[in-house]
Amino acid sequence: DEPLFFEARFVMSDYERILMILRDITIQKLAELQIQKFTQELKHHNETKDKFFSIISHDLKSPINGLLGYAEILATEIDTLEKEEIKQYAGNIAEISKSTNTLLNNILDWSRVQTGRISFQPGIIDLSTSVKRIINLLNASASNKNISVINLVEPETQIYADENMLHSILINLAGNAIKFTHNDGTVKIASEESDNYYHLSVCDDGIGISKEDINKLLDSSVIYSTNGTAKEKGTGLGLLLCKEFVEKHSGKIWIESEIGVGTVFHFTIAKDTRTE
């Protein structure tokens with residue numbers, strides 16, 4: 001069942017005869033194809049390594065320096081600080097720690113995806129319950145900006161998906177929505193069922209995204225990020241991770257947005273006969 005490769009050469013021996021020399025070059029050709037494959041994989045791994053070190057050097061260094069700065073102030077000047085100042089510095093440490101933890105989780109997940117070391121283990125999941133958990137985890141971030149996060153998923157909606165990957169997709173998209181929504185805003189998480197897939201969406205009434213930036217956000221060759229409405233920092237890795245995980249579920253992800261009106265992140269998860 002394997003393809004065979006041949007090299008043919010034709011020589012005119014006289015006006016009435018042509019000599020054909022046929023040589024089996026299958027082994028040589030397969031070796032060349034294997035080398036090309038290894039070359040592409042090596043190139044991909046080198047690009048991944050460069051991105052990885054770029055993220056660590058720029059996006060991880062900054063929050064750690066911030067943590068050290070606030071910790072040193074508290075350690076050396078706590079006796080002279082007002083109670084409100086101590087609360088403010090402690091709050092800043094907590095906020096930086098949370099964002100750094102999210103960053104580390106995304107870096108680890110992304111690196112595992114790029115090197116093929118993450119397993120895909122789908123099963124039956126109660127989507128409404130999963131969304132409730134996500135909202136509870138993001139409650140502190142939403143409360144700080146007085147943002148309402150609303151679960152519009154029908155109770156007992158069951159889908160067939162990898163729970164860890166779905167959790168990562170939802171927490172990244174909902175966290176992003178909170179990040180780019182002004183105080184007193186609203187974030188909604190919803191789902192719809194079709195014949196072949198489930199359509200999930202995370203909608204906000206935030207600052208919106210330009211068409212040019214939308215193209216950058218889902219381009220795996222570019223790591224693009226901007227600060228949120230409260231100057232929250234990010235790496236752009238979260239959305240690339242979402243794209244990878246959605247594609248693992250034979251789905252697709254896309255963005256609809258209008259500047260000053262808000263953004264809707266859409267993604268689909270292919271149905272499985274076991275959910276019927």
Side-chain angles (χ1 to χ4, degrees), residues 59 62-63 66 88 91-106 109 127-154 166-192 198-219 222-243 245-246 252-268:
D59 297 290
S62 178
Q88 179 186 342
N92 289 341
I93 288 173
E95 193 61 39
I96 293 172
S97 298
K98 282 190 291 185
S99 63
T100 305
N101 183 59
T102 300
L103 169 61
L104 282 171
N105 286 332
N106 281 341
D109 283 344
L127 183 59
S128 182
T129 301
S130 292
V131 171
K132 285 177 185 175
R133 291 195 192 116
I134 298 299
I135 292 173
N136 287 336
L137 287 172
L138 295 172
N139 186 52
S141 300
S143 296
N144 288 339
K145 299 172 76 172
N146 198 33
I147 291 172
S148 299
V149 184
I150 302 170
N151 182 2
L152 297 178
V153 177
E154 290 291 330
L166 182 64
H167 179 276
S168 184
I169 294 167
L170 289 171
I171 203 162
N172 271 296
L173 294 183
N176 235 39
I178 292 169
K179 176 181 171 183
F180 291 102
T181 298
H182 291 293
N183 291 359
D184 305 315
T186 303
V187 173
K188 299 174 184 176
I189 303 175
S191 72
E192 289 180 294
Y198 282 95
H199 174 197
L200 290 80
S201 62
V202 178
C203 172
D204 66 60
D205 53 8
I207 59 177
I209 311 169
S210 69
K211 288 183 179 179
E212 181 183 354
D213 289 343
I214 286 175
N215 293 332
K216 293 177 185 176
L217 286 172
L218 296 177
D219 184 349
V222 177
I223 295 181
Y224 177 75
S225 176
T226 57
N227 290 343
T229 55
K231 306 300 180 186
E232 304 100 321
K233 292 188 178 296
T235 63
L237 259 189
L239 287 178
L240 294 184
L241 199 59
C242 290
K243 185 172 184 285
F245 286 166
V246 167
K252 62 178 182 177
I253 185 169
W254 69 99
I255 305 169
E256 293 179 347
S257 187
E258 187 176 343
I259 297 293
V261 176
T263 302
V264 185
F265 282 88
H266 302 271
F267 69 96
T268 59

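This one's a predicted model, so the numbers in the text were calculated from it and none came from an experiment.
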Heavy-atom nearest pair, Ser210 first then Ile259, reads N-CD1, 3.4 Å
With Thr186 as partner, the option from Val149, Ile147, Asp204, Ile150 fulfilling side chain to side chain contact (heavy atoms under 4.5 Å, CB included) is Ile150
Correct closest heavy-atom pair for Thr263 and Gly208 would be OG1-CA, 3.5 Å
Heavy-atom closest pair (Ser168 atom, Cys242 atom, distance to 0.1 Å) is O-SG, 4.4 Å
Separation between NZ (Lys211) and CD (Glu258), nearest 0.5 Å, reads 10.0 Å
Exercise for review: Give the ring-plane orientation class for Trp254 versus His266, where under 30° counts as parallel, over 60° as perpendicular and anything between as tilted.
Suggested key: parallel
Across all chains, not counting sequence neighbours, the side chain to side chain contact (heavy atoms under 4.5 Å, CB included) partners of Thr129 are Asp126, Arg133
What one should report as the nearest heavy-atom pair of Val264 and Ser201 is CG1-CB, 4.0 Å
Nearest heavy-atom approach of Leu138 to Ala174 is CD1-CB, 3.5 Å
Value for CD1 (Ile171) from OG (Ser130), rounded to nearest 0.5 Å, stands at 11.5 Å
The reported gap from OG in Ser148 to CG in Asp205 (rounded to nearest 0.5 angstrom) is 9.5 Å
So CD1 of Ile189 and CZ of Phe265: to nearest 0.5 Å the spacing works out to 12.5 Å
**OP:** Determine whether Leu239 and Asn172 make a side-chain contact, defined as any pair of heavy atoms from C-beta on separated by less than 4.5 Å.
**Re:** no
Ring pair (Phe, Tyr, Trp, His ring centres under 6.0 Å) filter on His167, not counting sequence neighbours, yields none
Query raised in the report: Going by heavy atoms in the side chains, are Phe267 and Leu173 under 4.5 Å from each other?
Result: yes
Rounded to the nearest 0.5 angstrom, the CG-CG distance for Leu166 and Leu127 is 6.5 Å
For Gly262 and Ser257, the nearest pair of non-hydrogen atoms, with its separation, is O-OG, 3.1 Å
The residue among Val131, Leu200, Asn151, Leu152 that forms side chain to side chain contact (heavy atoms under 4.5 Å, CB included) with Ser191 is Leu200
Can you tell if the side chain of Ile209 reaches within under 4.5 Å of the side chain of Phe180, non-hydrogen atoms only? no
